[in-house]
Amino acid sequence: MRIGFNFTLGPTLELVQQLIAERHIDYCELLIDNFLQVPPAELAAAFDCPVGFHIMFSKFLENDEATLVEMAARLRRYIEVLRPIYVSDHVARFTHEGRQLYHLAEPEYRRDYEAMRARVAWWQEQLGQRLLLENYPSIMDNGRDAPWFFQQIARDTGAGVLFDASNAVCGQRNCGVDLTEWEPVIDATNHFHVGGYNASILAPTITLDTHDRALGADTLAFLERYRDRFDRPGATLTYERDDQIEYDAIVQDLSALRQIFTPTPELRHARIA
Amino acid sequence: MPASPEIRTALLESDLLDALMVPARQGEFARDSRAFVRLDTSLRAYWHTLFDICPELLSLSGPDGLAIFRPFMAWAAERQLSMNWTYYLWVHRWLQQSPFADRLSPQLTLSLMAASAARWAMGDRGPNGGIALGSAELPELVVAWKCHTVTGGREVECLSLEEPLPPPEGGFGWFTLPGFELDNFPGWSPIPQ
């Protein structure tokens, strides 16, 4: 398992470079649309490791086609120069009746499936390469249809899933989607996310995807339980931290992930007597 | 209206979308329900986007900000404001016709302009490199640039030009800059709703 860290803004560059230099991470995931004014070669030179691309604000389900065509053309230049391990985007609602949502909303997967399928296929074509779609940290019952959606959309469009393990844990805690429902999704992808979450201060039984603290015990237990399903040749696991960005705390979580995914060849390749 | 318990049949995001920007709707749900928390999560994002960036507003409203936040959000919902990068400029517009009108200072106006310009620079994904904002009431120009170096972030400047631009009509005006130089003035565009 290659373990990575997300890079979202310039001020954390030094921290990310230190993680690379000290071999805490094997690759870096760039929130690529934050850097579309940075020359691709400059971006490539900043990272002495492979990179993945995560797109945050394409709003590909909602934006007009002309805007997306222009944006895809610029993204393709970065894809060409930086050769990312993967390119991923978000399946979410960014607006409601033309008004911006500051906390993104989860789509209605079954009701809006056909429109979403068409847009995913079209956006993937614009990007010129396979697109991975990240699962949402469900609060409401939309999440119940999420495992079905991500399997179906992959079958219908060839897109993959950037499976966020802690988002799935949020969905389990908030709307009862059993983690076993995600097994076919986990088996079909090689690229994963994980991050910290927090209990709502208003209702501690409700879990919010916050990326501001250490990984939850049940997230680590999930990864450990499914370790052999996650850990396949070429697999990546990005640790996301967007708030309370403290080097030692991040290293501690990365070490916990390393411990789970440490190869154990003596078990897998037992000697023939 | 007393809070009612959350209905335990499927409750979807679409059942809540109309309420995600309306503080008054939160009271329709029990405080420990997912719906209440979902609305709270949404409303907190708008609150923090306003007061974390312009904390001087709290000196007008009081420490919880609610004397500004609640009536502004209701006013914004009535007008179906897009809540895009112009958020802070519309807060300024609301303040001008609020009980706080006589406490607005040029510094607060500049701060709200800078916040809006910075929000454009953080969130716009078009090819332009910068944005300039002007006010009919102030001689300064607020300019924000998108992140264009790997070590940098978005940058905001307040400029006093030797030859000031003509004032925009209708309070504020804006124009975009294709590169990273303030080298043209295509005229003011009105602030979008």
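As a basis for the values below, the full set of heavy atoms in this structure was taken, side chains included, without hydrogen atoms, waters or symmetry mates.
Looking at Leu101(A), the atoms closer than 4.5 Å to chain B (heavy atoms on both sides) sit in the backbone and in the side chain alike. Only the backbone of Leu104(A) comes within contact range of chain B, judged by heavy atoms closer than 4.5 Å. Both the backbone and the side chain of Glu97(A) have a heavy atom closer than 4.5 Å to some heavy atom of chain B. Of the two parts of Phe57(A), the backbone and the side chain both hold a non-hydrogen atom closer than 4.5 Å to a non-hydrogen atom of chain B. For Glu108(A), the part sitting under 4.5 Å from any heavy atom of chain B is the side chain, from C-beta outward, and nothing else. For Tyr136(A), the part lying under 4.5 angstrom from a heavy atom of chain B is the side chain only. Using a 4.5 Å cut-off between heavy atoms, Leu43(B) makes no contact with chain A at all. Ala105(A) touches chain B through backbone and side chain together, each having a heavy atom under 4.5 Å away. Both the backbone and the side chain of Ile139(A) have a heavy atom closer than 4.5 Å to some heavy atom of chain B. At a 4.5 Å heavy-atom cutoff, the contact between Thr41(B) and chain A is made by backbone and side-chain atoms alike. Looking at Asp15(B), there are no atoms closer than 4.5 Å to chain A (heavy atoms on both sides), in backbone or side chain. With a 4.5 angstrom heavy-atom cutoff, Asp124(B) does not touch chain A via any of its atoms. At a 4.5 Å heavy-atom cutoff, the contact between Arg44(B) and chain A is made by side-chain atoms alone.
Minimum heavy-atom separation, Asp141(A) to Leu11(B): OD2-N, 2.7 Å. Scanning both residues, Leu202(A) and Phe36(B), for their nearest heavy atoms gives CD1-CE2, 3.7 Å. Here the closest heavy-atom approach between residue Tyr102(A) and residue Asn84(B) is recorded as OH-O, 3.9 Å. Heavy atoms only, all atoms of each residue included: Arg99(A) and Met21(B) are closest at CB-CE, 3.3 Å. Between Val38(A) and His148(B), the shortest heavy-atom contact is CG2-C, 3.6 Å.
No side-chain heavy atom of Met140(A) sits under 4.5 Å from any side-chain heavy atom of Leu12(B). Between Gln37(A) and Phe180(B), the closest side-chain pair of non-hydrogen atoms falls below 4.5 Å. Looking only at side-chain heavy atoms (C-beta outward), Val37(B) and Leu208(A) come within less than 4.5 Å of each other.
More than 12 heavy-atom neighbours from other residues, nucleotides or ligands sit within 6.0 angstrom of CD on Gln97(B). Within 6.0 Å of atom CG in Asp183(B), more than 12 heavy atoms from other residues, nucleotides or ligands are found, so the atom counts as buried in its surroundings. At most 12 non-hydrogen atoms from other residues, nucleotides or ligands lie less than 6.0 angstrom from CD of Glu169(B). In this structure, Gln193(B) places its CD atom where more than 12 heavy-atom neighbours from other residues, nucleotides or ligands lie under 6.0 Å away. Within a 6.0 Å sphere centred on CD of Glu125(A), other residues, nucleotides and ligands contribute 12 heavy atoms or fewer.
To the nearest 0.5 Å, atoms OG1 (Thr207(A)) and CZ (Arg34(B)) are separated by 11.5 Å. Atom CH2 of residue Trp85(B) and atom CD of residue Gln100(A) lie 11.5 Å apart, to the nearest 0.5 angstrom.
Options Gly123(B), Gly152(B), Pro127(B), Gly153(B) differ in how many heavy-atom pairs under 4.5 Å they form with chain A, and the most are formed by Pro127(B). Ranked by heavy-atom pairs under 4.5 Å with chain A, the first of Gly129(B), Ser82(B), Ala45(B) is Ser82(B). Note on Met122(B), Lys146(B), Arg119(B), Arg154(B): by heavy-atom pairs under 4.5 Å with chain A, the leading option is Arg119(B). Of the listed residues Asp40(B), Thr49(B), Asp18(B), the one with more heavy-atom pairs under 4.5 angstrom with chain A than any other is Asp18(B). Listed options Thr205(A), Leu13(A), Thr67(A), Asn142(A) were ranked by heavy-atom pairs under 4.5 angstrom with chain B; first place goes to Asn142(A).
Between the side chains of Arg125(B) and Asn34(A), a donor-acceptor pair is found at a separation under 3.5 Å.
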Does the pair His96(A) and Leu20(B) meet the rule for a side-chain contact (heavy atoms from CB on, under 4.5 Å), with working shown?
CA-CA 9 Å; His96(A) 172 55; Leu20(B) 289 176; over 6 Å; no
Could you walk me through whether Val150(B) and Phe7(A) pass side-chain contact (heavy atoms from CB on, under 4.5 Å), step by step?
CA-CA 10 Å; Val150(B) 71; Phe7(A) 175 60; 4.2 Å; yes
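The main-chain N or O of Ala203(A) is never found under 3.5 Å from a side-chain atom of Asp32(B) such that the two would form a donor-acceptor pair.
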